[in-house]
2 protein chains.
Amino acid sequence: MTALLKQNIAAHTSLSETEMEEFCNLFELKSIPKKSFLLREGEVCKFEGFVVKGLFRVYHIDKNGFEQVLYFAIENWWITDIDSFTTETPSQLFIEAIEDSEVLLISKKDKEFAYANLPKIEKLFRVMTQKTHVALQRRMIDNLSKTAESRYIEFAEKYPQLIQRLSNIQVAAYLGITNVFLSNIRKKIASKK
Amino acid sequence: MTALLKQNIAAHTSLSETEMEEFCNLFELKSIPKKSFLLREGEVCKFEGFVVKGLFRVYHIDKNGFEQVLYFAIENWWITDIDSFTTETPSQLFIEAIEDSEVLLISKKDKEFAYANLPKIEKLFRVMTQKTHVALQRRMIDNLSKTAESRYIEFAEKYPQLIQRLSNIQVAAYLGITNVFLSNIRKKIASKK
DNA sequence: TCAAAACATTAAACTAGTTTAAAAAATCAA
DNA sequence: TTGATTTTTTAAACTAGTTTAATGTTTTGA
């Protein structure tokens, strides 16, 4: 049940077998049906999650009612609102299942326990946060410098397995454009081929 | 000499006096004159830095020659290319002093030493990276959802001490707009008052 | 299986932001 | 202090992306 999780952790850092067992036992499996929420705006995020099956979107709704997707998470990805989780303040984000999903959750308390008792876990999450941060820096630079068209092309190339599971509305909300404009871009690309 | 650094660290985590001393002794002070570089594209970033005096810009130059500012760093801020530093690959960034500056630098080797021998340091950098990541997530959402005008207004409100030390060209490169358009925005705001 | 809902496309008018270039203002270096 | 360089502003033509609304297409759920 936690095989994928163990594999994911092993890719980031090396734990002994007992450390791995002890840490993974802190997780609990939860099923989230399509269109239901793991987290809503205003709630304090009390978990960190690892997607075993399915697809989530993590997004914000601005004061005009527009949604901005911070990221998607499929199998083998982590999800949380790191801000709300660490500061224990109400979240500004929604985490919604786009497909029927299964996620392994660790509570704040158990994660603190792991930090205190399994020193390598501190390192694991430092390394993971660093990697996530680097990826977001790259995306920030891309958003500052590239047109929506090339951002779309690169997103489609980088995550081909993801894009076919997403609606254009969701992709547009990730790219920071309207779905109408995304439709224009797709038409333009298709006509080039 | 390291008083500001100690204060900054203490704000993130609690170290004993000896831990603090031992860690801070790993840093070396370096002066960087205005317009010179702490890091250039293509170099491997071998340090993590803490700004004691002055002002830096961390930026990328895209293939069309346009500069995108990832962030600025004044007194009491940390600077590095976390990607290049951790993966030991050539950097895609420039770090340039905008004013005559002084930084406290710790080498990769000494930071690894600290991670290995001062367990709380692992936590310190996990917490700092998390905070930096949260700030970047907020900026990402703002860039996806807000107009350049409100991004400018909010930047000016959030960092009043910074904006008066920066040229419009640099602010525009941070906001992701041209300096011509920033000039229009400033004119519009000024006429409203 | 069919009606309703959600999604994708198209078009046309619009606005936010760019480009180029030139002039004015500020800063820098000798 | 002055000439050179950099920065800021202005203007005008342009392009990337939005808005609204209508139409067609796909998905959903009872």
Side-chain angles (χ1 to χ4, degrees), chain A residues 33-36 54-55 57 59 61-69 72 96-101 142-156 162-193, chain B residues 33-36 55 57 59 61-69 72 96-100 142-156 162-193:
Chain A
K34 185 173 176 170
K35 290 191 184 170
S36 55
L55 168 54
R57 58 200 267 256
Y59 64 100
I61 300 186
D62 69 25
K63 59 179 194 290
N64 302 315
F66 291 99
E67 300 179 0
Q68 295 88 41
V69 171
F72 300 103
E96 184 192 354
I98 293 179
E99 303 172 355
D100 289 336
S101 301
D142 283 354
N143 262 273
L144 290 174
S145 62
K146 292 179 180 167
T147 63
E149 180 174 344
S150 62
R151 265 145 54 211
Y152 172 71
I153 292 169
E154 285 164 25
F155 180 70
L162 189 50
I163 209 157
Q164 63 198 44
R165 291 161 73 178
L166 295 171
S167 71
N168 286 353
I169 292 175
Q170 284 149 1
V171 175
Y174 178 87
L175 297 174
I177 58 176
T178 60
N179 59 333
V180 175
F181 189 52
L182 179 53
S183 192
N184 290 339
I185 289 172
R186 286 160 54 84
K187 187 185 175 188
K188 188 179 159 196
I189 293 170
S191 75
K192 273 187 192 166
K193 286 182 183 168
Chain B
K34 186 173 175 168
K35 288 189 184 173
S36 54
L55 168 56
R57 59 199 266 255
Y59 64 100
I61 299 185
D62 69 26
K63 59 179 195 290
N64 302 316
F66 292 98
E67 299 178 1
Q68 295 88 40
V69 172
F72 300 104
E96 183 192 356
I98 293 179
E99 303 173 356
D100 289 336
D142 284 353
N143 263 274
L144 291 174
S145 62
K146 292 179 181 167
T147 63
E149 180 175 345
S150 62
R151 265 146 53 210
Y152 173 70
I153 292 170
E154 284 164 25
F155 180 70
L162 188 50
I163 210 157
Q164 63 197 43
R165 290 160 75 177
L166 295 170
S167 71
N168 287 353
I169 292 174
Q170 284 149 0
V171 174
Y174 177 87
L175 297 174
I177 58 177
T178 60
N179 61 333
V180 175
F181 190 52
L182 179 54
S183 190
N184 291 339
I185 289 172
R186 286 160 53 84
K187 188 185 174 187
K188 188 179 159 195
I189 292 170
S191 74
K192 275 186 191 166
K193 287 182 183 168

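Sequence lines set the chain letters: A, B, ... in the order given, protein chains first and strands last, and positions in each chain run from 1.
Rounded to whole angstrom, the span from the CG atom of B:Asn184 across to the C1' atom of C:dT20 amounts to 14 Å. Atom CD1 of A:Ile185 and atom C1' of D:dT18 are 12 Å apart (whole Å). Taking atom CG of residue A:Asp62 and atom P of nucleotide D:dT18, one finds them 13 Å apart after rounding to whole Å. One interatomic measurement links the two molecules: CD of B:Gln170 to P of C:dT27, which rounds to 13 Å at whole-angstrom precision. One interatomic measurement links the two molecules: CZ of B:Arg165 to C1' of C:dT27, which rounds to 18 Å at whole-angstrom precision. Atom CD of A:Gln164 is separated from atom P of D:dT26 by 17 Å (rounded to the nearest Å). Between B:Ile163 atom CD1 and D:dT7 atom C1' the separation is 15 Å, expressed in whole Å. For the pair A:Leu166 CG and C:dC7 P, the interatomic distance rounds to 12 Å; values are reported in whole Å.
Among the atoms of the strands shown, only primed sugar atoms or phosphate atoms (P, OP1, OP2) are found under 4.0 Å from some heavy atom of B:Lys34.
In this structure, the nucleotide among D:dT8, C:dT10, D:dA11 sitting nearest to the side chain of B:Lys187 is D:dA11. In this structure, of D:dT19, D:dT8, C:dG17, it is D:dT8 that holds the atom nearest to the side chain of B:Ile169. The side chain of A:Ala148 lies closest to D:dG17, out of C:dC7, D:dG17, C:dG17.
Distance CZ/A:Phe155 to CG/A:Asp142: 12.5 Å, rounded to 0.5 Å.
Side-chain contact between A:Phe72 and A:Gln170 is present, with at least one heavy-atom pair separated by less than 4.5 Å. Side-chain contact between B:Asn143 and A:Asn143 is absent, with no heavy atoms from C-beta onward closer than 4.5 Å. Contact annotation: the side chain of A:Leu162 approaches that of A:Leu55 to within less than 4.5 Å [non-hydrogen atoms, C-beta and beyond].
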### Task
Given side chain to side chain donor-acceptor pair (under 3.5 Å), test A:Tyr152 with A:Arg186 step by step and report yes or no.
CA-CA 9 Å; A:Tyr152 172 71; A:Arg186 286 160 54 84; 3.1 Å; yes
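Counting only distance, with no hydrogens or angles, the side chain of A:Arg151 and the backbone of A:Lys146 share a donor-acceptor pair below 3.5 Å. Checking side-chain atoms of B:Asn64 against main-chain N and O of B:Phe66 turns up no donor-acceptor pair under 3.5 Å.
Between A:Asn168 and the phosphate of C:dT9, there is a side-chain N or O to OP1/OP2 separation shorter than 4.0 Å. Distances shorter than 4.0 Å separate none of the side-chain N or O atoms of B:Arg186 from OP1 or OP2 on D:dT8.
Between its opening and closing five pairs, the helix from C:dT1-D:dA30 to C:dA30-D:dT1 changes axis direction by 60°, a value rounded to 10 degrees.
Counting all heavy atoms, side chain and backbone alike, A:Ile189 lies closest to A:Ile153 at CD1-CG1, 3.7 Å. Of all heavy-atom pairs spanning B:Leu182 and B:Leu175, the tightest one is CD1-CD1, 4.3 Å.
Judged by closest nucleotide on DNA chain C, B:Thr147 is the one of B:Thr147 and B:Lys35 placed further toward the 5' end.
Of the listed residues (B:Glu67, B:Gln68, B:Glu96), just one forms a side chain to side chain donor-acceptor pair (under 3.5 Å) with B:Tyr59, and that residue is B:Glu96.
Residues of residues 172-183 of chain A having a heavy atom closer than 4.0 Å to DNA chain C, listed by number: A:Val180, A:Ser183.
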